[in-house]
Amino acid sequence: MAKAPKKESTKAAPKPKESTKKSAAKNPKTVRKTTDDKVKKVKKTNKKSNKKTLKQRVLRSIWSFIWKASLAFIAFIVISGIYFDKKISNRLDGSTWTLPATLYARPLSLEVGLPLTRSALVSELKLLNYRAVRSIESAGQFAVKGDEVIIYRRAFNFPERSEPAALVRVNFDAQGVSALKNQQQVNITRFRLEPLLLDRLNSKQIQDRVFVPFEKIPDLFVNTLILMEDRDFYHHQGVSPFAILRAFIVNFKAGHTVQGGSTLTQQLAKNLFLTQERSLWRKFQEAYMAVLIDHKYSKDKILEAYLNEVYLAQNGATGIYGISLASSFYFARPIDELRIEQIALMVAIIKGPSYYNPRRNPKRALARRDLVLRLMLEHHYISTAQYRIAVKSDLNLSNVKALNNRANPAFVSLLNRELTSNVPASIRKQSGLSIFTSISPLAQKNAETAIQNGIAKVQKKDQHDLQGAMVITDRQYAEIRALVSGKNVKFSGFNRALDASRPIGSLVKPAVYLTALDNGYKLSDILNDKEIVLKNSTGQRWRPKNYDRKFRGEVTLEQALVKSLNVPTVNLGMKIGLDNVIDSLHKMGVDEKIRAYPSLVLGSVSLSPFQVAQMYQPIGMRGVYKPLTMIRTIVSSDGVALYQRSPAARQIFSPDSVSQVSTALHKVTTEGTARSLRWRNPGQYFAGKTGTTNNLNDSWFVGFDSDEVVTTWVGKDNNKSAELTGSSGALVLFSGYMKEKIGK
């Protein structure tokens with residue numbers, strides 16, 4: 001009986017739970033609390049879940065942004081690379097630069113028997129910047145030993161062929177060149193010097209530049225440049241991280257920028273394609289382009305482009321780009337003739353053309369040059385002996401402080417006119433043309449001197465406005481040798497030689513006498529020298545008179561021409577017909593419309609000095625007419641001849657008639673109006689004709705020697721009296737030119 005209560009109490013134990021549950025259900029507070037707990041638990045779970053989802057979303061967004069940005073960046077890099085690559089190819093695969101046309105004088109051709117003096121040859125060599133030395137070692141040097149001149153000519157690409165550097169010995173006697181010998185002492189008959197560079201015809205759109213191929217750049221120059229500017233050039237791929245790091249450290253220590261990290265390739269990219277703007281975008285382009293350039297081109301090609309592009313100086317308003325032009329600017333010699341100290345200075349200037357300008361900052365430039373020399377020695381590019389000589393040298397700059405080209409604006413104007421009229425535009429527009437002309441540097445120099453000195457000699461004290469012009473032509477080939485348009489030979493304004501149309505006075509008379517001789521007259525025939533009266537169509541009377549106001553009764557044709565008598569010439573012109581005289585003038589090259597007035601035969605027709613030179617050319621060529629020209633050959637940048645002068649020639653007067661007139665014109669210089677040449681230029685043989693216009697407004701003289709025709713005019717631009725006759729004005733300038741020509 002005792003076990004039964006224990007079983008009951010054990011079974012009754014769960015009942016309170018039910019009652020508690022029931023009571024809880026019956027209690028709202030308890031129910032709410034239980035529900036809130038459940039809600040909180042769910043929210044907490046949801047919050048964790050939301051946080052996890054948000055994190056996943058953020059990660060997905062970041063990843064999406066990264067791969068999209070990466071794709072965009074890759075696309076940007078690819079597109080930029082394609083754009084830069086095309087830009088680089090367009091510039092470096094073709095003609096990297098639009099080069100100016102190069103204007104050359106005629107090459108001096110030395111031949112046995114040439115009437116050339118030793119002093120004239122030396123003058124030409126100095127114009128060509130040859131250096132006088134005692135012992136010749138390299139091209140561009142010459143030595144004078146008694147009557148012998150030894151020349152080491154530079155290599156040159158002549159229009160017909162390229163000729164290497166060569167040595168020649170030129171011997172002289174009283175008549176000129178007596179012998180020519182080559183380096184092996186073998187006699188030769190002909191040898192020519194390279195032509196003088198007169199000018200580079202560049203426009204505002206074309207930079208003044210002379211291209212030099214890599215193989216012609218001295219190795220010492222290239223090695224020194226790399227040593228100073230980019231020692232890892234042959235090892236990096238366009239950009240050098242080590243150079244950038246080194247520059248950062250140096251600049252950080254200094255507290256300011258003292259060193260750059262750009263490679264030569266980066267500098268080339270910047271110079272060719274970018275601006276000087278300092279920005280991250282520009283640096284990115286520079287680096288990217290440098291990598292592409294390094295990948296596409298050889299190191300030699302990169303160096304060639306860099307050395308032809310680098311800025312080195314300022315010549316007035318024009319920049320000096322490339323080492324070839326800079327070599328001429330600083331030292332007046334080709335790049336391959338620079339001495340060690342000059343190479344060092346050029347490399348020093350590259351670091352900062354303005355900061356190390358040797359003309360403005362000589363001490364600074366000298367210090368930098370000496371640093372370059374020291375490093376050249378340390379790296380065994382030069383010997384100790386060479387270093388000692390070089391470091392003791394001055395800067396050795398050219399005396400000329402700018403590239404004052406040897407071209408005279410007067411003949412450059414003539415050149416441009418001939419280019420326009422004779423050369424097709426398709427040729428004129430090409431880059432890097434070489435234009436070979438007939439200009440003689442010696443003749444041009446002597447003509448300029450004769451004009452300047454002659455005007456000063458003949459002008460009165462109050463005649464500061466007196467001017468002169470001179471045209472010199474070759475008798476054999478009808479080429480322009482020299483042309484001067486005023487006493488200020490570098491003035492590029494009004495071209496008197498080409499455009500000053502003035503009455504020619506008695507210069508017209510040889511045309512009258514040539515017409516008569518070609519129509520059956522003889523120099524011994526008689527003309528009346530008596531007073532005559534002529535009427536024009538309006539009834540006005542004209543009484544021509546001789547210059548001395550005298551009449552001689554009867555004279556021969558020769559006497560009338562030698563003494564330049566007016567009245568007999570008028571009588572002759574009326575007999576042979578004025579239309580025939582006009583026809584002769586047109587055949588001689590006068591294009592002007594000429595009216596058949598009797599005063600025509602006394603020179604009422606107006607012509608420029610150039611037109612007068614053309615008119616007299618057939619007299620110097622035994623009656624053959626050829627148009628005067630200046631351009632001989634035009635050669636493309638790759639050596640192909642594009643244009644060759646081929647002027648038409650025709651016989652317009654009989655050689656016998658011209659011979660007779662030439663004899664009379666010689667007598668003009670010995671016993672006629674130009675007889676003062678006997679004492680002005682003793683021992684020289686001339687023929688010529690003076691010309692004087694009304695009121696002594698214009699003074700003319702045309703003179704011949706064995707190889708040239710020289711046309712000279714003196715007057716005033718305002719057409720007022722020059723107070724000079726042909727013999728007291730223009731003849732004096734002609735005389736001065738001939739003295740300069742023979743070196744007196």
Side-chain angles (χ1 to χ4, degrees), residues 408 410-411 414 440 442-459 463 466-475 480-489 494-510 564 603 606-617 619-620 628 665 668-669 672-677 680-681 684 686-693 696-705 707-717 722-742:
N408 181 304
F411 70 65
L414 175 61
S440 163
L442 287 178
Q444 184 65 38
K445 176 176 174 288
N446 293 338
E448 292 174 1
T449 300
I451 289 289
Q452 291 173 321
N453 294 345
I455 292 295
K457 190 173 183 178
V458 302
Q459 70 184 6
Q463 283 187 323
L466 200 64
Q467 281 290 354
M470 187 175 286
V471 181
I472 300 172
T473 63
D474 181 277
R475 288 186 64 167
I480 303 296
R481 286 192 175 184
L483 189 141
V484 185
S485 68
K487 58 187 178 184
N488 182 359
V489 297
F494 181 57
N495 194 325
R496 298 173 187 84
L498 302 181
D499 301 322
S501 185
R502 308 298 284 266
I504 64 173
S506 294
L507 293 186
V508 77
K509 290 176 181 176
S564 196
S606 293
L607 300 175
S608 69
F610 183 83
Q611 290 172 310
V612 170
Q614 179 67 79
M615 185 183 84
Y616 269 77
Q617 194 65 31
I619 300 176
L628 291 175
L665 293 179
V668 170
T669 68
T673 56
R675 60 187 179 275
S676 66
L677 286 172
R680 292 182 186 276
N681 301 73
Q684 291 184 267
F686 301 124
K689 185 71 190 74
T690 57
T692 308
T693 60
L696 304 182
N697 282 3
D698 301 280
S699 171
W700 291 92
F701 185 75
V702 179
F704 304 79
D705 67 356
D707 63 324
E708 291 178 338
V709 182
V710 181
T711 302
T712 310
W713 168 84
V714 175
K716 295 183 177 182
D717 291 337
E723 302 179 43
L724 295 167
T725 64
S727 59
S728 64
L731 180 144
V732 177
L733 276 63
F734 168 84
S735 170
Y737 170 77
M738 286 299 170
K739 288 178 181 177
E740 293 288 337
K741 183 176 179 178
I742 65 172

J.: Going by atom types alone, do Lys689 and Thr673 pair a side-chain donor with an acceptor below 3.5 Å?
T.: no

J.: Quick check: does any side chain N or O of Asn681 sit under 3.5 Å from a backbone N or O of Ser735, one acting as donor and the other as acceptor?
T.: yes

J.: Does the pair Arg481 and Glu708 meet the rule for a salt bridge (Lys or Arg N to Asp or Glu O under 4.0 Å), with working shown?
T.: CA-CA 9 Å; Arg481 286 192 175 184; Glu708 291 178 338; 2.7 Å; yes

J.: Can you list the residues that meet the side-chain contact (heavy atoms from CB on, under 4.5 Å) rule with Lys445, with sequence neighbours excluded?
T.: Leu127

J.: Between Thr690 and Ala674, is there a donor-acceptor pair closer than 3.5 Å when you use the side chain of the first and the backbone of the second?
T.: no

J.: Do side-chain atoms of Gln614 reach the backbone of Leu628 as a donor and acceptor pair under 3.5 angstrom?
T.: yes

J.: For the residue pair Glu448 and Gln452, confirm or rule out a side-chain donor-acceptor distance under 3.5 Å.
T.: no

J.: Among residues at least two apart in sequence or on other chains, which ones pass ring-ring contact (aromatic ring centres under 6.0 Å, His included) with Phe704?
T.: none

J.: Return yes if a side-chain donor-acceptor contact under 3.5 Å exists between Asp717 and Gln467, otherwise no.
T.: no

J.: Could you give me the CA-CA distance, side-chain angles and deciding distance for Val702 and Thr712, then say whether side-chain contact (heavy atoms from CB on, under 4.5 Å) is met?
T.: CA-CA 6 Å; Val702 179; Thr712 310; over 6 Å; no

J.: Any donor-acceptor pair under 3.5 Å linking the side chain of Tyr737 with the backbone of Ile451?
T.: no

J.: When rounded to the nearest 0.5 angstrom, what distance separates CZ in Arg496 from CE in Met470?
T.: 14.0 Å

J.: Show the numbers, then the answer: is there a salt bridge (Lys or Arg N to Asp or Glu O under 4.0 Å) between Lys741 and Asp707?
T.: CA-CA 12 Å; Lys741 183 176 179 178; Asp707 63 324; 2.8 Å; yes

J.: I'd like to check the side-chain contact (heavy atoms from CB on, under 4.5 Å) partners of Ser728; sequence neighbours left out, ordered by chain and number.
T.: Leu724, Thr725

J.: Can you tell me how far apart CZ (Phe734) and OG (Ser727) are? Round to the nearest 0.5 Å.
T.: 13.5 Å

J.: Are the side chain of Arg475 and the backbone of Gly620 linked by a donor-acceptor contact shorter than 3.5 Å?
T.: yes

J.: What distance separates Gln684 CD from Thr669 OG1, expressed to the nearest 0.5 Å?
T.: 11.0 Å

J.: Is there a donor-acceptor pair closer than 3.5 Å between any side-chain N or O of Asn697 and the backbone N or O of Thr693?
T.: no

J.: Would you sort out whether Ile472 and Ile480 count as a side-chain contact (heavy atoms from CB on, under 4.5 Å), showing the intermediate values?
T.: CA-CA 6 Å; Ile472 300 172; Ile480 303 296; over 6 Å; no

J.: For Ser501, is there any backbone N or O sitting under 3.5 Å from a side-chain donor or acceptor partner on Ser606?
T.: no

J.: Could you walk me through whether Met615 and Ile504 satisfy the side-chain contact (heavy atoms from CB on, under 4.5 Å) test, starting with their C-alpha distance in whole Å, then the side-chain angles of each, then the deciding distance to 0.1 Å, before giving a yes or no?
T.: CA-CA 11 Å; Met615 185 183 84; Ile504 64 173; 4.2 Å; yes

J.: Just how far is it from atom OG1 of Thr711 to atom OH of Tyr616, taken to the nearest 0.5 Å?
T.: 8.5 Å

J.: Within the distance-only criterion (no hydrogens, no angle test), does the side chain of Thr692 pair as donor or acceptor with the backbone N or O of Gly726 below 3.5 angstrom?
T.: yes

J.: For the backbone of Ala447 and the side chain of Glu740, can you confirm whether one donor and one acceptor N or O come within less than 3.5 Å of each other?
T.: no

J.: Report the C-alpha distance between Asp705 and Val710 in whole Å, list the side-chain angles of each, state the deciding distance to 0.1 Å, and finish with yes or no for side-chain contact (heavy atoms from CB on, under 4.5 Å).
T.: CA-CA 9 Å; Asp705 67 356; Val710 181; over 6 Å; no

J.: Kindly say whether Pro503 contributes a backbone atom to a donor-acceptor pair with the side chain of Trp700 at under 3.5 angstrom?
T.: yes

